[in-house]
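So the structure is just underneath, and the comments pick up after that.
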Number of protein chains: 4
Amino acid sequence: MGVQREPVRSDARRSRAALLEAAAAEFVTAGVDAPVRAIAARAGVGVGTVYRHFPTRPDLVVAVYRHQVEGCAAAARTCLDAGPTPFDALVAWVGEFVDLLVTKHGLVAMLVHDDGRSAALHELFLERLLPAGEGIVRAAQEAGQLPSDVTAYEVLRGIGNLCFGAEADSAYDARRAVGFFLAGLRVA
Amino acid sequence: MGVQREPVRSDARRSRAALLEAAAAEFVTAGVDAPVRAIAARAGVGVGTVYRHFPTRPDLVVAVYRHQVEGCAAAARTCLDAGPTPFDALVAWVGEFVDLLVTKHGLVAMLVHDDGRSAALHELFLERLLPAGEGIVRAAQEAGQLPSDVTAYEVLRGIGNLCFGAEADSAYDARRAVGFFLAGLRVA
Amino acid sequence: MGVQREPVRSDARRSRAALLEAAAAEFVTAGVDAPVRAIAARAGVGVGTVYRHFPTRPDLVVAVYRHQVEGCAAAARTCLDAGPTPFDALVAWVGEFVDLLVTKHGLVAMLVHDDGRSAALHELFLERLLPAGEGIVRAAQEAGQLPSDVTAYEVLRGIGNLCFGAEADSAYDARRAVGFFLAGLRVA
Amino acid sequence: MGVQREPVRSDARRSRAALLEAAAAEFVTAGVDAPVRAIAARAGVGVGTVYRHFPTRPDLVVAVYRHQVEGCAAAARTCLDAGPTPFDALVAWVGEFVDLLVTKHGLVAMLVHDDGRSAALHELFLERLLPAGEGIVRAAQEAGQLPSDVTAYEVLRGIGNLCFGAEADSAYDARRAVGFFLAGLRVA
DNA sequence: GATGAATGAGGATTCATTCAT
DNA sequence: AATGAATGAATCCTCATTCAT
């Protein structure tokens, strides 16, 4: 429950950092279901250490991505302040959101909650990114730039979906697709 | 390679039909990665029979969905003839395409070719649906209703992506999202 | 549920026989909790084969010992017919029972039902040996050679307990101990 | 080897006491094979502390039960003095012995020396309880109440065996069984 | 002395795939 | 052609024990 605490002992801190880095790398290669052994080996620790730090796989996945997710959520404020209009802010922030999703392979799984494994990730999404998106979406709606019945959830979900498998396919440009999607959402 | 032939012996024909039905049912329940054993059991045959008819999993997946895919591809012609404008035809045909994707759990894997397993499915997509989509997209471009630099591939891919995990999430309406996407694509 | 069926295919029959023998041998050496791997290796089969034939460990344990247990249960009739008095029959049959327990290392677990693992063994005991014992005990009670309030269960349980770890300890003679126990039970 | 000394530093004394209490509690719940971690956690100390105080598990088990064992051994003298006859003393003392075994889950392992883990416990038995039993048995033999060839070891071992798993099984009364055993030992 | 992080051996179990029957 | 037994790699997870802090 709540944010993972930074360990106090130096060896534990080192292990944890190595694990996060190794897991992030493995996730890119093999997805969030990468074998625990592979992660441990890459981090140069034993499997037991993985389990000590992250008792369940979702714990690890969440920890790996929390930083980036927090950063993205924080950017929403900046975008709102900077953009000439709320819709511009939305476009700018969605750019960050898309960057997050296409570079961090596996993060998109966060959005679809179909299997039980991604539940924790989904929760992270709901708790952090959704509120950020809601702020911008609401502003755009109040400015009359988005339909009033559109929810932040469906906007972010749609964008997230458009990012699936974007890296692997050079014939598909997720950012361009998201551009169309946003254009279709815009009022007037 | 190429279309699976219908077996000549009656018992083989029966096995094949039972397998297709069983696989379709299992795919709905457990996804396209459903254990071979489960499929064989549901079909009332041995696992060896599964491998005889469908040497690889994609062979089975393709066989299961080929019929519907063919039907969807054929609908393109009808839509083009019926729709007042090519864009209307596109909208109508995309409706069929979306129906196919959201009801046949696992068919979306057809679009992403990331892991080796979906190669055959992806091929099916490239061979059947893409040409169908290209016809409509080209027509819409010639009518000035779609940007000239848009490819049928990216359109179908985007739409396909928007359908991921749609069934499982009542807060997300894939058809609505696809509507925004198409609206964003429309010229004028 | 019920008796394990003999497989029809020759390779399966061979595997099953090899497994039963190997398991029996391993049980002697390492107890009924012997690693599945060790049993498989000794039988010259893969671990998967163990699981195919005996999905759970108790299934294997029961199968290993069922034969001997059946034999012992059957001996009750013979003893009753042979013995001059019911108590003599009891003594004779208990001799067989003790032989079974001290030679088949791990079979004593049959009596205690503390952990879930021995449930199946305990059931085997209740279904086969207990009825056999009850026949003799009842006869002895009717002949006035045993207290009327004694149950076959407590008699067999006591005897079984006395057999714990008998092999390993040369300073302790289970048969002698059982002799004292029976002597203490005898009336007059 | 030999008796564990009481530590001098106050914190060490506190740790040791907490560990003994925690271990006793865990042993009741989970048996003498309770995870070291669980014991340490209950005592509110680190696992390292467990190993410092009790290098091996038997060391801990012995320490936990030494008190009760000493008490039981001491009772032999009292019983001998009190009982009308040596056999009465034996019966009385065995009552204490049985109480010890059935209430202290896992202490029965003291009697069987099959695996290496219980070596220390077995030694405790040989050093403390066996001499106590020998005193009474010898007295009973001299009074002609026990066969002269019976050893205290086999008497205590038999009784100990009869106590296995007594708590868990309401259909089996260890004390009653021990009563039969003693009755069978009695001469005349 | 105390701590608890790290280790890694050990054991269980599943399932895709091959191949004897 | 059909069967399903056999295989064993792959993966998970636990826990006793050591050792750096």
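Atom set for the values below is all heavy atoms of this structure, side chains included, hydrogens, waters and symmetry mates excluded.
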Answer yes or no: are there more than 12 heavy-atom neighbours, outside C/Glu21 itself, under 6.0 Å from its atom CD?
no
What is the distance, to the nearest angstrom, from the CG atom on C/Leu60 to the P atom on E/dA12?
11 Å
Distance check: side-chain N/O of C/Arg57 vs OP1/OP2 of E/dA12, anything under 4.0 Å?
yes
Go nucleotide by nucleotide along DNA chain E from the 5' end; which of A/Asp11 and C/Asp11 gets its closest nucleotide reached first?
A/Asp11
Please report, rounded to the nearest Å, how far the P atom of E/dA2 is from the CZ atom of D/Phe54.
11 Å
B/Tyr51 has an atom OH; how far is it from atom C1' of E/dA20, in whole Å?
17 Å
State which of E/dT7, E/dA2, E/dG10 makes the closest approach to the side chain of A/Arg37.
E/dG10
Just to be sure I understand the rule, does C/Val47 reach a base, reach only the sugar-phosphate, or reach nothing, if contact means heavy atoms closer than 4.0 Å?
base
Please state how far atom CG in D/Leu19 lies from atom C1' in E/dA2, giving the value in whole angstrom units.
11 Å
Under a 3.5 Å cut-off for both contacts, is F/dC19 paired Watson-Crick or G-U wobble with anything, and if yes, with which nucleotide?
E/dG4
Nearest-neighbour nucleotide for the C/Arg9 side chain, E/dG1, E/dT7, E/dA20 considered
E/dA20
Hey, does the side chain of B/Ser15 come within less than 4.0 Å of F/dA2's phosphate (OP1/OP2), counting only N and O?
yes
Assign each of C/Gly46 and A/Gly48 the nucleotide of DNA chain F bearing its closest heavy atom; nearer the 5' end lies the nucleotide of C/Gly46
Any idea which heavy atoms bring B/Asp59 and B/Pro55 closest together, and the distance?
OD2-CD, 3.5 Å
Report which part of the nucleic acid A/Val36 touches: base, sugar-phosphate, or nothing (heavy-atom distance under 4.0 Å, all strands).
sugar-phosphate
Integer-rounded Å distance: E/dG10 C1' and C/Ile39 CD1
15 Å
Less than 4.0 angstrom between a side-chain N/O of A/His53 and OP1 or OP2 of E/dA6, yes or no?
yes
Quickly work out the C/Glu26 CD to E/dG11 P distance and round it to whole Å.
11 Å
Minimum side-chain heavy-atom gap A/Arg66-A/Leu124 below 4.5 Å
yes
Please state whether the phosphate of E/dG1, meaning OP1 or OP2, lies under 4.0 angstrom from any side-chain nitrogen or oxygen of D/Arg14.
no
In whole angstroms, the gap separating P of F/dA2 from CZ of B/Arg13 amounts to 12 Å
Neighbour count >12 (heavy atoms, 6.0 Å) for atom CZ, A/Arg13:
yes
Hey, which of these two, A/Val45 or D/Arg52, hits DNA chain E nearer its 5' end, going by closest nucleotide?
D/Arg52
B/Glu70, CD: over 12 other non-hydrogen atoms inside 6.0 angstrom
yes
